[in-house]
Amino acid sequence: MNSHGQVLMVASKYGSGRVVVLGHEAFLGSLPDLVEKALHRLKEGKEQNVPVGAHQYVKHVSDKHKSKFQFQVMNEFNSSLGDGVYVTDAYCVEGKEKELIAFMKSGGGVLIAGQAWSWAEGRPKDNPLLHFPRNKVAGVAGVYFSKHRGDAECIPVHPTIPASWMSVVIGKDFEDDLEFLLHGVSEFDLMNGVVASEILIHGALAFPIGTTPDGRAFLAGAYYGQGRVVVISHEGLMKRETLAPFFTNALHWLDEGRQGVVGVVPDLHQAFDVFKTFNLKCEKTKFREDLSVYVCTAYKEDQVEEIQEFVAEGGGLLIGGHAWHWAQCHKDKKSMTDFAGNKILNKMGMTLLETYITDGAYKPPVLSQAISDTYHFRHVLHKFAGHVTQGEELAAHEEEWLKKLSGDCTKYLNLDAGNNNFNQIMSTFTEIIKKAGLPKVCESCPVKTARDKFLLNIGTELYKKHQNPEELLPFLIKDNPLLPVIYNHKISVDTDTGAASEQRSGEEWVSTGLFLAPGMKTYLSVPANVIDKGLKVQVGCQIDSLKNAKELKRAPCVCERFPVTSEMLLVHNLWGGLIYFIVPPKTKVAFTAVAQMAVPAPYYKSGVTSVQEWQQLRSAPSPWAELEFDNIIVTVPSEVVRTLERPDELAAFWDANMRAIADLGVIPHKFKRKERFVCDVQISHGWMHAGYPVMAHRATAASLVSVKDAKTQPIWGVIHELGHNQQRACWEFPPNTTECTCNLWSLYVHETVLGFKREECEPAMPMAKRRSRIEQYVKDGKDLTKWNTFVALETYVQLQEKFGWDAFKKVFAAYHTMKDVPKDNKSKMNLYAVTFSEAVGMDLSEFFKAWGWPIEGDTEKKLSRLPAWNDHPMTKYN
C-alpha cells in the first residue's frame, strides 16, 4: 500500500488455493526478491518438486528463478500443473478463466501481474470490475484490477498487513447499476404492516438501493467476485405486485444477459408466481450450480459456502429476509454473525440488523444525487476520517449523518475480525482516535456536537475490540491518576435468584466493594463449578445508554460485562467502574472469587460492616461508594459519604421505609431481591426512573444517605420510583395509572414512617389543588384520557380517606392469588371495582362511575347485594 492508501500488491485465498496479485507486470522483473517470496508462499504445503508454470510472456521470471524452482514455460495455461503454481501477466488469461479458477479452487497457486487503467481508458463504457478479463480470475478471490492509476513510490515493508483510512473508499460509483435497477420504479411499497430489517452496507462494492429518508437501507445490491447480489430485508416483499417493476430489473441485472435459469426456492411460491411473468426462465428448485440466478430466503445455512462460491464465480443471488425476529428469539447469540443470512451476506459487504424499519412508502434515490447524497457507511467514514486527519470540510448533510455513522460503527465492530476489510476499517477508527483523541466530557463540560459524540462513542467501542488497547489508552483518557490498590482480595458470592417471584424475577448484582480505574485490568479467579453457568462480571454501575441524548455529560455507554467462561477471567473497562458479579435468574450459587488487583471502594453492608470499620472504609480511594442494607443498596459518588458517621442509623431508616413498602404491597419484609439505586451525572430519561437499578441524577445522592435531610424534606420521588417497582399489570390501567398508583407508596411511606402530613408530602397534594383538579376533570366531561397522574391519584386517595390503608392491603393481597386476570383496561377496571368493593364490604360502583370508569351492568348486578356508598365524595359533582 502506498502513502495514498492505494493497494499495489495483494494476497488472497480462494477455495483451497492462493493468489498473489501485483499492480504492474514490470514488478515481475523489478522486484525479484518479492517474486521469490511470493512463489515460496504459493508453494507452501505442497510437495518439493511441484511444478511452477510460467506463461511464455513472463519467461523472464523462469530465467531469473529457475535455480530455485522447477519451471515449465507454457504457451497457455493447462491442467498439467495439478495443484502447482502458475505465473502470468494480466493479459494472458483470456479464454482460460474457468480453468484457472478451478485450478486455484482445488489448491493451485496463481501469481498474476498487470494493470487495467490502459484497458479502461480505451473502453470508457465497460465496467472493468466485470469485463476486464483478468478480473474474472482474481475477482473470485476479492481482488480487482481497477481503472485507477496507482502512484509509484518507494513503499516501506510493513510488519503487519498495511492499512490506511485513505483506502476505505467506495470502489465504484454504481450510477449505471442504479440506473438499470431503478428504471420505471417510482416508489418502494413497504406498506400494510411490513417490518423489515435495516441493512448495514459495509462492503466497498456494496451499495444502497432503497432507503428511508434518514438513510436506513432496506434494499441493497453488491458485486461479489464475478457475480452480483440483491438483498431485500423482508422476504414477503418479493411477492408484491407493486414491487414487480423493481424485481424485473433486479433479476435481469443479476442474470447479466445470460438468459439462464432463475431458480426460486419452493418456499417462495408466491414470489415465483410473480417472477414467472418477467420473461425469464423461472423454475422452482433447490440450489443448483447450473443456475444463472438463485432466489432464496435468509433463514437456511446449510449451503453457505456453496452459495458464496456460486456468486463469486459469476452467479446472481436475490435473497430476502429479516433478522430482527431471529434476534429476539436467540438473545444468547449474535445476530450479525450467527444469523444464517448474515453468514452468507457478511462476506458480500452487507449485514441484516436486528433494528427494523416499519411500513411506509419510500421514494427511490434521485440518480443524479444517488451517490453523493445517499448515506453509505464506508463513504461517510472516509469523509469523516479526512475531516479529522486532514481538516477536510464536511457538507451539511454529512454532518447530519454522523449520528447514524456512530451507531453503524458500533454495529460494525461486532462483525468477524477475520477479514482484511475489517482490519482496514479498524485502522481507520484507530487513525481517527489517535489524531483527534476523545473530547473532555463532564458535568461542567458537556459534549454537544455530532463530531464529539461520534468520537466518544467510537473511542469506547474501539477500545473494546482493539488488539492492543493499551496503545490507545493515552489517546482516550488524558487525566488518569494512579489510585492505591489492594491485591488478592477475596470476594464472597452467596445468592439464590431461583426463588424470585414472577413479579420480582430477574438477575441480581452482587457487590464486591472493589473498583477498577479507567483502563485498569485485573484477573478474577473463580472455581470451576461456576463456569458457563450464565454468570457474568460487570464493571460499572451506570447502565443507562445515552446514545440519544442531545448533550453528553459522560460517554454514552460506560458499563462492561464479561461472561464467566474460565477459571481465570480478565476484566477491564475504558471508563472504569465498580465490580459486580451478575447472577442470572433461577440460579443458586455460593463461591469465593479472588481479585488479583483492584481499588478498594467505600462499601458498607448491614450486619457485616461495623461502624468502626466503616469509619476507615469511607475514605477508600474509589470515586464510587455503596451502602447495602437489608432491602436496598444505594450507589453514590464517594464524596457524599466521606462524612457519614453512622451508617447503622441510615440502615435503620431505610429498613423502616422498605418494610412499609412491603407492608402496603403485602409482600414479605425480606425482599426476594434487594432494590438498587444508582446516582449518575446523567441518565437516559427523567429525573429518576424505575428498574433494577433505579437510576437517579447525582443531585439525589445526598437525600439517599442523610436521615436528617429525608426527615425534613420529602423524598417523594425516591419512593415514587420504588413504588413503580411494586406496580403489577393485573391492577394497572396503562397509560392512565402508570405515573399514578406508584404514588400510593409515596403517600404511605411519608405518612406512616416519615411523619409528614398529606398536604406536605408533595406540592400537588394540598386540598385546594386537589379540589381544583377534580373540578377541571368534571368540567372536561370526565374524559378518561385525562384521568391520569394526580387526577387519577385523587380517585385512590378518596378511597383511602374513606376506608384506610388496610383496604388497599386487602385488595393487593387478593390480587396475589388471582388467576386469569383480563388484559384490557375496561375489564380490569371492572374487576378492580369488584375487588375493592368486596374488600370493604360496600358497593362502590356508583363511585367509580362518577369518575368516568366504564362500569358494566354485570358488575353493578354483582355488587348490588352490598350496601351502596351513596355519600361518596364525587356526589357533589354529579
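Count residues from 1 along the sequence.
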- Query: To the nearest 0.5 Å, how far apart are OG in S746 and CD1 in I719?
  - Reply: 6.5 Å
- Pair D824-S827, side-chain donor/acceptor within less than 3.5 Å: yes
- Might you point out which heavy atoms bring V705 and L650 nearest each other, and give the distance in Å? CA-CD2, 3.6 Å
- Which of parallel (below 30°), tilted (30 to 60°) and perpendicular (above 60°) describes F847 and W851? perpendicular
- Query: What pairs with T738 under side-chain hydrogen bond (donor to acceptor under 3.5 Å, both in side chains), at least two apart in sequence or on another chain?
  - Reply: none
- Task: Check whether the side chains of S606 and D630 place a donor and an acceptor atom closer than 3.5 Å, and report yes or no.
- Result: no
- Check ion pair E801-R758 (N to O, under 4.0 angstrom): yes
- Message: Tell me if a side-chain donor or acceptor on D680 pairs with a main-chain N or O of A696 at a distance below 3.5 Å.
- Response: no
- Hey, are S703 and Q713 close enough side-chain-wise for a donor-acceptor pair under 3.5 Å? no
- Query: Can Q538 and E560 be counted as having a side-chain donor-acceptor contact under 3.5 angstrom?
  - Reply: no
- Query: Where the side chain of T410 meets the backbone of S406, is there a donor-acceptor pair that is under 3.5 Å apart?
  - Reply: yes
- Query: Using 30° and 60° as the class limits, which term best fits the ring planes of F808 and F812: parallel, tilted or perpendicular?
  - Reply: tilted
- Message: Over 60° means perpendicular and under 30° means parallel, so tell me whether W687 and H697 are parallel, tilted or perpendicular.
- Response: parallel
- Message: Do the side chains of R642 and E639 get close enough for a salt bridge, i.e. N-O under 4.0 angstrom?
- Response: no
- Query: Any chance the side chains of T789 and R773 put a donor and an acceptor closer than 3.5 Å?
  - Reply: no
- Mind checking what makes side-chain hydrogen bond (donor to acceptor under 3.5 Å, both in side chains) contact with K440, not counting sequence neighbours? none
- Task: Please determine, by modelled atom types, if D871 and W869 share a side-chain donor-acceptor pair under 3.5 angstrom.
- Result: yes
- Message: Between T460 and W575, do the side chains contain a donor N or O and an acceptor N or O under 3.5 Å apart?
- Response: yes
- Query: Do the ring planes of Y748 and W805 sit parallel (below 30°), tilted (30 to 60°) or perpendicular (above 60°)?
  - Reply: perpendicular
- How long is the span from the CZ atom in R561 to the OH atom in Y580, to the nearest 0.5 Å? 11.0 Å
- Message: Between Y603 and E628, does the side-chain hydrogen bond (donor to acceptor under 3.5 Å, both in side chains) criterion hold? Intermediate values first, please.
- Response: CA-CA 8 Å; Y603 175 52; E628 181 170 350; 2.6 Å; yes
- Spacing of C557 atom SG and N457 atom CG [to the nearest 0.5 Å]: 6.5 Å
- Message: When you compare the side chains of D655 and H669, does any donor N or O come within less than 3.5 Å of an acceptor on the partner?
- Response: no
- Message: Under a plain distance cut-off of 3.5 Å, with no hydrogens placed, do E762 and H750 share a side-chain donor-acceptor pair?
- Response: no
- Message: Over 60° means perpendicular and under 30° means parallel, so tell me whether Y604 and W614 are parallel, tilted or perpendicular.
- Response: perpendicular
- Task: Could you tell me how the ring of F677 sits relative to the ring of W654: parallel (under 30°), tilted (30 to 60°) or perpendicular (over 60°)?
- Result: tilted
- Message: So, taking the atom named CG in L744 and the one named NE2 in H720, what distance separates them when rounded to the nearest 0.5 Å?
- Response: 11.0 Å
- Message: Looking at T587 and V583, would you say the former's side chain and the latter's main chain have a donor-acceptor pair under 3.5 Å?
- Response: no
- To the nearest 0.5 angstrom, please state how far the OG1 atom of T752 sits from the CG atom of L664. 8.5 Å
- Message: Ring of Y815, cation from R728 - is the NZ or CZ under 6.0 Å from the centre and inside 45° of the axis?
- Response: no
- Taking atom CE of M688 and atom SG of C679, what is their separation to the nearest 0.5 Å? 8.5 Å
- Indicate yes or no: does K588 engage E508 in a salt bridge with an N to O separation below 4.0 Å. no
- Task: Output yes when E354 and K331 qualify as a salt bridge under the 4.0 Å nitrogen-oxygen rule, no when they do not.
- Result: no
- Item | N725 side chain to E721 side chain, donor-acceptor N/O pair below 3.5 angstrom | no
